[in-house]
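Take a look at the structure below.
In what follows, every chain begins at residue 1, and chains take the letters A, B, ... in the order their sequences are listed.
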2 protein chains.
Amino acid sequence: MEQTKDITIYDIAKAVDLSPATVSRALKDHPAISKKTKDKVTKLAAELGYRANNFASNLRMQRTHTIGIMVHELNSNFITSVIAGIESVTTAAQYDLIIAHSSESYIKEAANARNLFHKRVDGLIASLAYDTTDFTHFTPFERKGIPVIYFDRVETGIAGTKVVIDNEEAGFKAVEHLLQQGCKRIAHVTGNLKRNVYADRLKGHQRALAAAGINWNQSLLMENDLSEQASIDAAHAIAAMQPMPDAAFVTNDFCAAICMQTLKEKGIRIPQDIAFVGFNNDSVAKIVEPGLTTIHYAGFEMGKIVGKNMIDRLLHPGQSPIDTTITLQSDLIVRGSSLKKMV
Amino acid sequence: MEQTKDITIYDIAKAVDLSPATVSRALKDHPAISKKTKDKVTKLAAELGYRANNFASNLRMQRTHTIGIMVHELNSNFITSVIAGIESVTTAAQYDLIIAHSSESYIKEAANARNLFHKRVDGLIASLAYDTTDFTHFTPFERKGIPVIYFDRVETGIAGTKVVIDNEEAGFKAVEHLLQQGCKRIAHVTGNLKRNVYADRLKGHQRALAAAGINWNQSLLMENDLSEQASIDAAHAIAAMQPMPDAAFVTNDFCAAICMQTLKEKGIRIPQDIAFVGFNNDSVAKIVEPGLTTIHYAGFEMGKIVGKNMIDRLLHPGQSPIDTTITLQSDLIVRGSSLKKMV
DNA sequence: GGGACAGATGCAACCGATTGCATGACTTTT
DNA sequence: AAAAGTCATGCAATCGGTTGCATCTGTCCC
């Protein structure tokens with residue numbers, strides 16, 4: 001543990017007999033510095049194991065070259081692929097990421113926002129927590145002109161660029177597919193309907209029904225927190241309905257899988273007695289039996305778009321429109337859980 | 001976008017007619033400052049919306065109050081619960097986390113290490129990538145006396161505190177259970193055997209066999225990358241063995257689930273024809289049919305231990321032993337996939 | 001009354017990189 | 001040959017918080 005002292009530009013300056021200013025410019029490839037000096041400096045910097053002191057630089061520059069990301073949960077294929085997509089763009093532009101997750105709690109989300117604000121991120125990317133209804137934790141960013149981009153879980157009420165999938169269209173596709181399979185009584189199991197993603201999927205469901213001339217039946221709607229226990233409860237509730245629904249659109253794969261399992265234990269057959277469509281194309285969709293028909297959307301692509309937008313905003317402040325919404329399409333992946341006609 | 005200027009201690013100092021030094025001390029609750037002054041300063045700071053400038057502080061203090069975490073993948077229950085455990089300890093001690101993930105790639109792991117080193121984290125917590133065999137990216141930390149703690153995926157060869165589960169014991173329990181169910185030919189599907197976790201699980205397997213007087217059969221060992229395709233291939237290989245194994249110990253739940261599914265498609269019954277035990281207690285273990293018997297280990301607890309150790313090292317440098325290994329126990333969770341006797 | 005001492009506050013020098021402006025050397029133009 | 005221009009480099013202030021040491025005020029005691 002022999003605490004080697006850090007090398008600074010002053011050390012390099014002394015060694016090559018130049019001023020720190022020249023060393024700083026040489027390392028930054030400043031045009032006013034001669035090629036010879038640059039070579040000498042960079043060579044020596046490498047030899048001495050120089051590492052730039054970000055604090056000094058940040059303090060002087062008032063920028064951190066860091067982007068904060070706030071997500072509700074890390075434990076999801078979708079989220080991690082969005083992050084990977086963001087990363088692919090931001091690292092190319094020499095920006096770093098700080099990832100904070102809220103465990104779906106508004107309290108933690110607000111705390112994370114404060115923390116990232118104190119860390120002085122240059123930009124913020126956020127997907128809202130399950131129960132976030134208050135958005136004052138974003139106002140400090142707005143006030144300081146720090147760009148904020150929301151993705152997936154957004155709130156239409158607040159300003160900022162938003163990147164989302166067309167949840168309504170996805171919901172429409174899911175239910176349209178079930179209708180084509182001959183289903184008529186379609187249960188809808190979903191998360192907090194105040195959150196745009198769930199509200200829009202429901203709208204899509206209803207629009208598909210309307211297009212087929214079927215009335216929406218409020219008693220088939222189940223709103224819960226998508227936890228394992230809630231999924232089991234939802235399954236029991238479905239089984240108890242008279243008559244039982246002939247299909248269920250569950251807006252989350254894990255919840256759908258648990259529902260299916262619980263129903264199967266009761267001897268109910270899928271898809272014969274009840275068809276299922278999920279949402280997200282999580283790994284469980286492939287594992288559950290029968291395979292779960294679901295909505296797939298390209299997280300990586302979404303991340304790239306989010307990242308590109310953020311970098312644009314950071315490199316050309318004031319140029320890009322601040323309040324646009326970018327909507328991506330998604331695909332229905334058909335597996336056994338919904339195929340009544342082919343059984 | 002009206003770029004409000006930031007409040008500094010100098011602004012506060014001017015407002016209360018004191019020196020910046022006194023303001024700094026007052027905000028830090030320094031004992032030399034009178035209660036009255038402290039009250040006045042903190043009140044005004046709150047009113048003006050003062051936020052401390054971490055760079056200035058870090059620059060002066062040569063500490064960042066930040067801990068870096070490097071993991072192979074975020075998309076795992078286990079990893080995210082470990083992170084949550086670490087977080088619970090570190091936030092209480094006023095430390096922040098930066099999470100970097102390597103996507104199981106050594107190249108990215110090394111890049112992340114460099115990046116965290118440049119960010120000057122005060123400590124580093126790491127679980128190694130799948131293919132990491134070179135450890136020179138950790139030497140800069142050692143050289144500067146920055147504490148490094150490894151967890152789960154570790155390497156016995158390198159110095160540093162390590163927190164692991166007893167993989168050998170877990171492997172022993174898994175195979176012992178299969179033997180108790182009457183299995184005699186147990187296949188072993190696993191990841192890179194250079195990685196401690198997989199090597200140790202295999203050792204446990206072999207020890208359990210030895211204890212039962214059964215010889216280890218090398219032809220039943222399959223080492224792969226645990227991907228979906230590799231899992232399918234492994235299942236085909238198992239089905240093709242003559243005679244077919246009567247059990248499989250697969251050291252990863254997702255891989256086990258895919259194997260089971262592939263075999264079932266071939267008409268092979270689980271557990272009657274072949275029993276399965278997995279590893280990790282991932283969400284798929286509950287979803288696959290029959291439910292997957294697996295090894296559960298407490299990620300959150302592991303995270304708390306890792307975090308506590310790190311904080312101890314940071315607060316009392318040189319006091320804690322640097323090269324200890326902490327081993328946690330794990331539990332066998334029995335589900336249908338291994339219960340031959342009760343079928 | 002004066003010395004000793006505790007308590008509260010200020011001075012000024014850091015920490016390391018950046019940058020507008022000035023300077024000096026050297027070349028080109030008229 | 002003098003004026004103008006080009007190129008490379010240095011000076012010194014700046015970003016905002018921290019801290020060893022000095023200073024000042026007031027109290028206590030002999």
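Atom NZ of B/K308 is surrounded by 12 or fewer heavy atoms from other residues, nucleotides or ligands within 6.0 Å. Residue B/D17 places its CG atom among 12 or fewer non-hydrogen atoms of other residues, nucleotides or ligands, all under 6.0 Å distant.
For C/dG10, the OP1/OP2 oxygens have a side-chain nitrogen or oxygen of B/S19 closer than 4.0 Å. Put simply, B/T37 has no side-chain N or O that comes within less than 4.0 Å of OP1 or OP2 on C/dA8. The phosphate of D/dG16 (OP1 or OP2) has a side-chain N or O of A/Q62 nearer than 4.0 angstrom. Taking only side-chain nitrogens and oxygens, A/S34 comes nearer than 4.0 Å to OP1 or OP2 of D/dT9. One finds no side-chain N or O of B/Y10 lying less than 4.0 angstrom from the OP1 or OP2 phosphate oxygen of D/dT18. Between A/S24 and the phosphate of C/dT18, there is a side-chain N or O to OP1/OP2 separation shorter than 4.0 Å.
Rounded to an integer number of Å, the gap from A/K28 NZ to D/dT9 P is 18 Å. Taking atom CD1 of residue B/I9 and atom P of nucleotide D/dG16, one finds them 10 Å apart after rounding to whole Å. One atom, CG of A/D11, and another, P of C/dG16, lie 8 Å apart when rounded to the nearest Å.
Comparing A/A21 and A/P31 by the nucleotide of DNA chain D whose heavy atom lies nearest to each, the residue mapping closer to the 5' end is A/P31. Along DNA chain C, the nucleotide nearest to B/M61 and the one nearest to B/K35 differ in position, and the one closer to the 5' end is contacted by B/K35. For A/L59 and A/R63, each mapped to the nucleotide of DNA chain C holding its nearest heavy atom, the one lying further toward the 5' end belongs to A/L59.
Residue A/T22 places its side chain closer to D/dT9 than to any other of D/dT18, C/dT18, D/dT9. Comparing D/dT14, D/dT18, D/dG10 by their closest approach to the side chain of A/R60 singles out D/dT14.
Residues A/H101 and A/M70 form no side-chain contact, since every pair of their non-hydrogen atoms from C-beta on lies 4.5 Å or further apart.
At least one test fails for A/R195 against the ring of A/Y130: distance under 6.0 Å to the centre or angle within 45° of the axis.
Donor-acceptor pairing under 3.5 Å, judged by distance alone, is absent between the side chain of B/R25 and the base of C/dG7.
In the model, A/T37 has no side-chain atom that pairs as donor or acceptor with a side-chain atom of A/R25 under 3.5 Å.
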